[in-house]
Amino acid sequence: MTTQRLYKPRISVLWWLSRRSYTLFVLRELSSLFVGWAVVYLLLLIRAVAGGPVAYQRFLHWSASPWAIVLNVVTAAFLLYHTVTFINLTPQAMVVQVRGRRVPPRLLLGPLYLAWLVVSAVLVWLVVG
Amino acid sequence: MPEEITLQVARYRPEQEDRPTFDEYKVPLRKDWAVLDGLNYIKDELDGTLSYRWSCRMGICGSCGARVNGEPKLTCGTFLTDYAPGPVRIEPLANFPIIRDLVVDLTDFLVKLGAVQPWLIRDEDKPVEEGEYLQTPAELDEYKQFSMCINCMLCYSACPVYGLDDKFLGPAAIALAQRYNLDSRDEGADRRLTVLSQPEGVWGCTFVGECSRACPKGVDPAGAIQRYKLTAATAAVKKLLMPWGQR
Amino acid sequence: MWLLFSGGGMVAALVLPALLILLGVVVPLGLLGAPDHAHLLAVLRFPLTRLTLLAVCFLCLVHAAHRFRYTLQDGLKLTRFDGAIATVCYSAALLGSAAAAYLLFVSL
Amino acid sequence: MSAIHDVVIVGGGAAGLRAAIAVAEADPRLSVAIVSKVYPMRSHTVSAEGGAAGVIGADDTIEEHIYDTISGGDWLCDQDAVEAFITEAPRELLRLEHWGCPWSREPDGHIAVRPFGGMKKMRTWFAADKTGFHLLHTLFQTSLKYPSVMRYDEWHVTRLLVDDGRVCGVVALELMSGRVEAIYGKAVILATGGCGRVFPFTTNAAIKTGDGMALAYHAGAPLKDMEFVQYHPTGLPFTGILITEAARAEGGWMLNKDGYRYLQDYNLGTPSPGPVLRSMELGPRDRLSQAFVKEQEKGRTIDTPYGPVVHLDLRHLGEKLIDTKLPFVRELCHKYQNIDPVHELVPVRPVVHYMMGGVHTDINGATALTGLYAAGETACVSINGANRLGSNSLPECLVFGARAGTAAAAYAGAAAPAGPAVEAQAADEQRRLEADLRGRGGRERIATIRTEMQTTIEGAAGIYRDGDTLAKAADKLRELRERAAVAALDDASRTFNTELTTALELTGMIDLAEAIVHSALRREESRGAHQRTDFPARDDERFLAHSLVYREADGTPRVEHRPVTITRWPPGERVYGR
Ligand SMILES: Cc1cc2nc3c(=O)[nH]c(=O)nc-3n(C[C@H](O)[C@H](O)[C@H](O)COP(=O)(O)OP(=O)(O)OC[C@H]3O[C@@H](n4cnc5c(N)ncnc54)[C@H](O)[C@@H]3O)c2cc1C
Ligand code: SF4
Ligand code: F3S
Ligand code: FES
């Protein structure tokens with residue numbers, strides 16, 4: 001009789017550094033933190049607006065402080081990364097049928113990016129007015 | 001072009017050692033030699049103790065998968081010249097227990113494959129005498145891609161989630177379940193739903209997407225899984241809204 | 001859950017970059033004059049804006065919570081603590097959403 | 001420990017899986033074991049590309065398919081077997097459809113068929129050009145649903161257990177652990193595929209070492225018609241990867257060095273732009289491969305580092321047709337030859353492809369030994385005669401796999417369990433393998449002996465043969481048999497010792513090579529795939545007969561002949577292109 005000795009490889013905690021594609025993936029997932037921060041930031045802004053012109057001025061002042069700007073620049077980068085990855089992956093996850101035929105995934109990207117642009121423009125218009 | 005190339009091949013001899021090591025071999029570097037030809041050269045001429053799997057050497061039997069310089073590949077379809085001047089590192093597929101050298105244990109996958117019921121399920125079988133179930137080429141196209149899986153396990157090797165949690169059903173098993181779900185002749189989607197919608201089913205996948213990049217047959221298991229998430233989620237919502245509704 | 005997650009992902013993808021870049025980077029840097037207070041207040045008080053903003057906040061937070069939960073688990077090999085991680089993440093999202101609701105419908 | 005089943009099936013290819021399902025459906029109480037040296041879905045059936053023949057078209061008849069098969073086989077087919085086969089093939093293919101096989105379709109949803117070599121009508125069902133792959137995976141996945149079917153994956157069968165002329169199990173080596181176990185079964189079905197690896201240049205996968213034939217031969221069952229080895233006319237040089245006949249069926253041309261469709265010079269009809277059934281490129285494989293040798297003799301082939309080639313021209317078919325009907329051909333050419341058939345000529349040469357011969361069985365798959373059945377390429381029911389028609393082999397696996405399964409189930413239901421004598425045999429076999437692991441005394445490398453065997457048989461039993469060379473080869477093989485028995489093993493490990501299995505396969509292959517050479521030597525005529533330059537004509541007087549080869553106690557082969565069953569189709573001339 002023999003005893004089987006299988007070698008069970010173990011994944012290290014830093015597995016996501018082992019390959020570039022894994023690292024990119026983890027960065028993509030980490031964008032969630034910044035999505036969270038973006039929402040909080042907007043809420044702070046809303047609170048300031050609700051608190052009257054003075055509070056609003058204070059907020060504007062605070063948001064111009066260097067560390068707030070650095071944080072927000074980083075956040076912006078992650079948000080863009082989130083948008084691009086999310087849009088690029090959507091066709092893989094969704095099948096759109098037009099008149100019984102499958103729309104080729106590449107063709108879906110166009111409308112998605114267009115939608116992004118339109119939404120962004122509307123928002124900018126609303127805010128800047 | 002140099003005459004030779006060095007292969008660093010992972011060895012694990014369970015009777016002699018506790019963990020894998022590397023052995024180096026020099027093999028001829030020829031224009032049409034695949035990595036597998038290099039391994040066969042070692043086995044035939046240099047060292048008969050090297051163990052690895054292969055059979056068809058035409059990329060269809062799915063047995064020759066290994067990591068070549070870290071990437072999961074079919075060794076019969078990966079050419080040495082692409083790695084010249086070398087050295088080339090050849091290791092067993094990741095995330096599976098290693099039996100010996102480049103041979104890994106696939107039992108886990110076969111259990112999971114059986115669990116997703118990868119066969120045509122009908123409420124009522126039509127007798128063979130009455131002829132075929134009709135299926136238009138468009139209906140065939142719906143699932144064809146997912147029927148191309150050769151069970152080579154490259155996707156399991158690439159998927160970090162499977163590496164972290166071997167309870168995860170994994171890309172190929174889910175893609176094969178989708179292959180039947182999307183087949184116009186099949187009526188078994190409900191039965192597969194229970195298995196697929198478990199936490200270790202489609203929900204384990206965080207859409208790393210590496211599985212689809214590794215797949216040599218263009219199956220796109222990542223796509224299959226995300227598409228199934230939508231199906232499973234819709235089914236869950238439906239059940240929530242109409243708990244007593246039809247099956 | 002997953003429907004909320006991916007819905008949130010999509011909303012976050014479409015909405016957040018423009019808002020944040022504008023209000024978090026461009027305006028503070030003074031590249032563009034800050035919108036005046038009255039205008040913002042008017043826009044925000046419009047009922048449709050309130051509703052949309054609440055939905056956006058809720059979805060984005062759920063998305064972030066869900067994703068972060070798995071990132072913690074996989075990235076740091078913490079699957080064992082899944083229960084705790086999940087509770088913390090989703091509670092945070094709910095709290096955030098509640099705060100949003102309060103701000104949008106009570107304070108304003 | 002040893003396991004007891006009702007039916008033990010050796011091999012998990014199309015034939016083995018179909019047999020297992022047949023047993024499970026015949027009687028769910030019978031326990032079935034599939035013992036396979038590779039995971040079933042790795043079996044060589046996976047490589048089959050072109051398709052599977054079964055009469056389905058409104059303009060086609062069973063009668064015509066029978067005639068094509070019998071004339072294609074140069075009248076060496078048993079006609080009762082062919083009739084049963086052709087009649088049952090369509091139903092088997094339909095059953096596979098019901099199990100989910102993704103057959104290619106017509107726009108209206110019906111099964112599509114394509115033309116194939118040697119066939120007068122379009123009757124070849126296909127799943128693009130991965131027919132075998134889809135067929136095998138469908139069978140494998142379907143087999144998972146039967147609880148009575150148990151699998152022994154990666155168990156290498158090394159011996160049949162025989163009790164007083166009755167086969168009652170096998171001994172097998174579990175690769176993963178190195179355990180050697182007896183697996184008892186009241187009936188045993190061999191479905192181990194062909195032995196193309198006896199030859200150096202073959203389309204066959206590494207596992208096609210003819211183990212089942214060798215096992216049966218050792219246990220005393222005769223092999224039949226072993227001299228008939230099919231060369232496929234279109235293999236890629238170096239790798240031997242097959243370019244399916246479907247490429248010609250869709251309209252591909254064979255061109256020599258001058259760009260000339262040379263087949264017109266070999267009594268195969270006159271060229272026309274589109275494919276014409278039973279003519280030119282759609283002639284039978286034996287005739288096409290022979291034409292290549294003649295072209296080579298005339299100096300009209302193209303020389304390459306891997307031997308002379310001719311060209312297969314698909315360029316006029318256009319990208320669209322190639323991508324829908326022959327995508328795998330394009331993929332293979334691109335990957336392994338670095339050419340694109342849409343724009344370039346494909347270099348091809350004849351390559352060993354299929355064994356018409358095999359373990360002698362009757363129409364139900366029963367061999368000469370009680371309790372032992374065989375099906376698929378490893379068996380010779382005699383439907384292929386002296387030359388198999390493309391796309392007849394997959395349905396053969398299905399029809400006779402099912403028949404063998406049903407027959408074995410009926411037999412096993414009534415048979416008594418094995419006697420005590422076999423336990424000693426099992427222990428014996430265990431000791432033999434243990435001893436091999438401890439070292440075998442010799443110094444020669446396995447690969448050296450294997451290469452010598454392959455060059456010997458290629459030189460003697462290639463497309464053309466003659467008495468002298470065959471006789472010399474017979475002597476050489478006897479010598480190799482002795483050398484192989486003691487060849488060196490580097491590897492003493494029990495865990496996944498592929499060197500040990502390679503050595504076991506080699507001894508079996510040398511036996512088969514001897515069987516081939518001796519059968520060829522005794523057949524002093526030319527028929528189908530067996531062409532003797534010293535006896536160039538067909539001789540129905542003496543050789544309208546099957547060769548049966550038995551193994552003598554000292555290992556030498558003994559050849560006998562037995563008449564062919566002729567029912568309604570008297571031997572005639574083989575006419576193509578007219
Ligand atoms: C490249 C190629 C293309 C082809 N195309 C076509 C085509 O288009 N149409 C057509 O009709 N035919 C085609 N053929 C022929 C056809 O594919 C084969 O004849 C058929 O698949 C054989 O199936 P099988 O079930 O008999 O054996 P296989 O599929 O070869 O299976 C053999 C099984 O036996 C097992 N086995 C072997 N030895 C042992 C052992 N010692 N212990 C345990 N298990 C063992 C193996 O593991 C395997 O599971 C083609 C053949 C080739 C090579
Ligand atoms: S999905 Fe692709 S990579 Fe995964 S097993 Fe199937 S063929 Fe291999
Ligand atoms: S790599 Fe893994 S996480 Fe999902 S998308 Fe593929 S299965
Ligand atoms: S050897 Fe079969 S896939 Fe590589």
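Worth knowing before you read on, the calculation uses all heavy atoms, side chains too, and leaves out hydrogens, waters and symmetry mates. By convention in this document, chain letters (A, B, ...) are assigned in the order of the sequence lines, proteins followed by strands, and residues within each chain are numbered from 1.
- Contact check on B:D101 versus B:K43 returns no salt bridge, with no Lys/Arg side-chain nitrogen under 4.0 Å from an Asp/Glu carboxylate oxygen.
- Geometrically, B:R100 does not engage D:F496 in a cation-pi contact defined by less than 6.0 Å to the ring centre and at most 45° from the axis.
- Per-residue counts of heavy-atom pairs under 4.5 Å with chain B were compared for D:E331, D:M41, D:K208, D:H44; the largest is that of D:M41.
- Both the backbone and the side chain of D:H110 have a heavy atom closer than 4.5 Å to some heavy atom of chain B.
- Heavy atoms closer than 4.5 Å to chain B are found nowhere in D:I446, neither backbone nor side chain.
- Between chain B and the residues D:Q337, D:R450, D:H98, the most heavy-atom pairs under 4.5 angstrom are made by D:H98.
- Across D:T234 and D:V351, no two heavy atoms sit closer than the pair C-CG1, 4.5 Å.
- By number of non-hydrogen pairs under 4.5 angstrom with chain B, the leading residue of D:M176, D:K130, D:K335, D:K145 is D:K145.
- For the set B:R57, B:E139, B:M148, the count of heavy-atom pairs under 4.5 angstrom toward chain D peaks at B:R57.
- The pair D:R105-D:E97 meets the salt-bridge criterion, since a charged nitrogen lies less than 4.0 angstrom from a carboxylate oxygen.
- Nearest heavy-atom pair across D:I449 and D:E444 is CD1-OE1, 3.9 Å.
- For the options D:T45, D:T203, D:L93, heavy-atom pairs under 4.5 Å to chain B are most numerous at D:T203.
- Chain D forms the most heavy-atom pairs under 4.5 Å with one residue out of B:D125, B:D37, B:L134, B:L113, and that residue is B:L134.
- The part of B:C149 that comes within reach of chain D is its backbone (N, CA, C, O), which places non-hydrogen atoms under 4.5 angstrom from that chain.
- The choice from B:T107, B:L106, B:I121 that makes the most heavy-atom pairs within less than 4.5 Å of chain D is B:L106.
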Exercise. How far apart are the C-alpha atoms of B:Q117 and B:R191, what are their side-chain angles, what is the distance that settles it, and do they pass the side chain to side chain donor-acceptor pair (under 3.5 Å) test?
Worked result: CA-CA 8 Å; B:Q117 307 175 51; B:R191 279 168 60 181; 3.3 Å; yes

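- Contacts between D:N204 and chain B at a heavy-atom distance below 4.5 Å involve the backbone alone (N, CA, C, O).
- Ion pair D:R18/D:E92 flagged as a salt bridge, since at least one NZ, NE, NH1 or NH2 atom sits closer than 4.0 Å to an Asp/Glu carboxylate oxygen.
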For this session: For the pair B:I99 and B:Y12, evaluate side-chain contact (heavy atoms from CB on, under 4.5 Å) and give the outcome as yes or no after the intermediate values.
Result: CA-CA 8 Å; B:I99 298 176; B:Y12 170 59; over 6 Å; no

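- At a 4.5 Å heavy-atom cutoff, B:R122 makes no contact with chain D through either its backbone or its side chain.
- Neither the backbone nor the side chain of B:R13 comes within contact range of chain D; no heavy atoms are under 4.5 Å apart.
- In this structure, the side chain of B:D220 does not engage the main chain of B:S212 through any donor-acceptor pair within 3.5 Å.
- B:L74 and B:C152 get closest at one heavy-atom pair: CD2-CB, 3.9 Å.
- Taking B:N151, B:D47, B:L50, B:D186 one by one and counting their heavy-atom pairs under 4.5 Å with chain D, the maximum is reached by B:N151.
- For B:V103, the part lying near chain D is the side chain, with the backbone staying farther off; criterion is any non-hydrogen pair under 4.5 Å.
- Looking at B:L176, only its side chain comes within 4.5 Å of chain D, counting heavy atoms on both sides.
- Interface residue B:D105: only side-chain heavy atoms are found under 4.5 Å from chain D.
- Within the 4.5 angstrom heavy-atom criterion, only side-chain atoms of B:R185, from C-beta onward, approach chain D.
- With chain D as the partner, the residue from B:T136, B:D32, B:L140 showing the most heavy-atom pairs under 4.5 Å is B:D32.
- Only the side chain of B:Y143 comes within contact range of chain D, with at least one heavy atom under 4.5 Å from a heavy atom of that chain.
- For a residue to count as touching a neighbouring chain, one of its non-hydrogen atoms must lie under 4.5 Å from one of that chain's; by this rule B:D183 touches chain D with the side chain only.
- Checked by atom type and distance alone, the side chain of B:S147 never pairs as donor or acceptor with a backbone atom of B:R179 at under 3.5 Å.
- Among D:I56, D:D108, D:T239, D:V38, the residue with the largest count of heavy-atom pairs under 4.5 Å with chain B is D:T239.
- Using a 4.5 Å cut-off between heavy atoms, D:R91 contacts chain B through both its backbone and its side chain.
- Within the 4.5 Å cutoff, the side chain of B:L193 has heavy atoms near those of the B:Y228 side chain.
- Taking the charged nitrogens against the carboxylate oxygens, D:R95 and D:E25 have no contact shorter than 4.0 Å, which rules out a salt bridge.
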Exercise. Does the pair B:R11 and B:T49 meet the rule for a side chain to side chain donor-acceptor pair (under 3.5 Å), with working shown?
Worked result: CA-CA 10 Å; B:R11 303 297 308 264; B:T49 67; 3.0 Å; yes

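- Of the listed residues (D:T131, D:L135, D:T138), just one forms a side-chain contact (heavy atoms from CB on, under 4.5 Å) with D:P102, and that residue is D:T138.
- Of the atoms belonging to D:F238, it is side-chain heavy atoms, and not backbone ones, that fall under 4.5 Å from chain B.
- For the set D:S104, D:G100, D:A447, the entry with the most heavy-atom pairs within less than 4.5 Å of chain B is D:G100.
- Heavy-atom distances place the side chain of B:P14, and not its backbone, under 4.5 Å from chain D.
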